[in-house]
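Accompanying notes for the structure given below.
By convention here, the first residue in the shown sequence is residue 1.
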Amino acid sequence: VNQPSGIIQNLYEIKFYDATTGYAVGNYAYILKTSTSGNSWEIKSGPGIGSQIFYSLDFAGSYVLATGTLTKYSTNGGEFWNLRDFPADAINSLTNLNERENLYSGVGANGYVVKTKNLDTNWTIEQSPTSQTLYSVCYPGSSNYIWAVGAGGKILKNIPNWKYIF
């Protein structure tokens, strides 16, 4: 079923918080939200300039984070969005390391890896063995390792420092 979004720009990720509430993000800093299981979509952010792109969405309790060449967050279910500054270039992906403590790790341009304990202003940069863009990060939860992948076929593993695996 083709469901129009109301925009013509590229959308890069879609995630649903529950059965009815979902978000889609993409070019020109667009953030779309549905509260109707995708039957209709509202524009919650955008349009921005062409170089402002959101690649990833993540949920952290009441936080919704949209990351890319800029990062915005919402603390009220995606109704209003605030700009978030990071100590690194574009953040392409975030993963939850410990939801109870709001511990997150993110990866992005130039091999940056960032970490926070409170999803607030205290983000730190971790040493990465690459200067190439990292596109995705995950924490399987059942292991003690954080995985990241990126440009040039890079696969990194945090054991406890970031190392090349492939």
Side-chain angles (χ1 to χ4, degrees), residues 10-17 22-33 44-46 48-49 51-78 80-166:
N10 292 336
L11 296 171
Y12 295 109
E13 184 157 37
I14 185 169
K15 284 190 180 176
F16 276 76
Y17 183 75
Y23 304 87
V25 296
N27 281 359
Y28 291 87
Y30 272 107
I31 301 173
L32 307 177
K33 179 183 179 183
K44 292 298 181 180
S45 177
I49 61 173
S51 62
Q52 294 176 324
I53 302 170
F54 291 123
Y55 296 111
S56 178
L57 276 166
D58 288 281
F59 303 113
S62 62
Y63 264 66
V64 184
L65 297 116
T67 57
T69 58
L70 71 157
T71 299
K72 285 191 172 184
Y73 70 97
S74 173
T75 59
N76 59 10
F80 300 102
W81 292 83
N82 302 298
L83 193 61
R84 168 66 67 222
D85 289 326
F86 279 100
D89 289 341
I91 301 300
N92 295 327
S93 179
L94 289 169
T95 190
N96 188 326
L97 303 175
N98 185 324
E99 189 170 327
R100 189 180 58 228
E101 296 178 16
N102 279 335
L103 182 60
Y104 277 76
S105 184
V107 297
N110 301 314
Y112 280 118
V113 177
V114 295
K115 192 179 272 186
T116 183
K117 289 189 177 183
N118 57 9
L119 285 172
D120 201 357
T121 56
N122 299 322
W123 291 82
T124 57
I125 296 176
E126 293 187 335
Q127 184 67 35
S128 167
T130 185
S131 60
Q132 293 183 310
T133 297
L134 297 170
Y135 293 111
S136 185
V137 62
C138 79
Y139 175 65
S142 61
S143 73
N144 292 324
Y145 306 121
I146 306 166
W147 294 89
V149 295
K154 298 290 185 263
I155 299 176
L156 305 178
K157 184 178 183 182
N158 184 302
I159 50 176
N161 298 314
W162 290 96
K163 308 269 190 232
Y164 282 119
I165 298 300
F166 184 76

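For the atom pair Asn158 CG and Trp147 CH2, the distance stands at 10.5 Å (nearest 0.5 Å). The CD1 atom of Ile146 lies 4.5 Å from the NZ atom of Lys115; values are rounded to the nearest 0.5 Å. Atom CG in Leu32 sits 11.5 Å away from atom OH in Tyr23 (nearest 0.5 Å).
Remark: the backbone N or O of Phe80 is paired with a side-chain donor or acceptor of Ser74 at under 3.5 angstrom. A donor-acceptor pair under 3.5 Å links the side-chain atoms of Ser45 to the main chain of Ala29, judged by distance alone.
The minimum heavy-atom distance linking Gly111 with Leu134 is given by the pair O-CD1, 3.8 Å. Contact detail for Pro140 and Tyr145: the closest heavy-atom pair is CD-O, 3.5 Å. Here the shortest heavy-atom pairing between Ala109 and Thr133 reads CA-OG1, 3.8 Å. Taking each heavy atom of Ser105 and Val137 in turn, the nearest pair found is O-CG1, 3.8 Å.
Using a 3.5 Å distance cut-off with no hydrogens or angles, the side chains of Asn10 and Tyr28 do not pair a donor with an acceptor.
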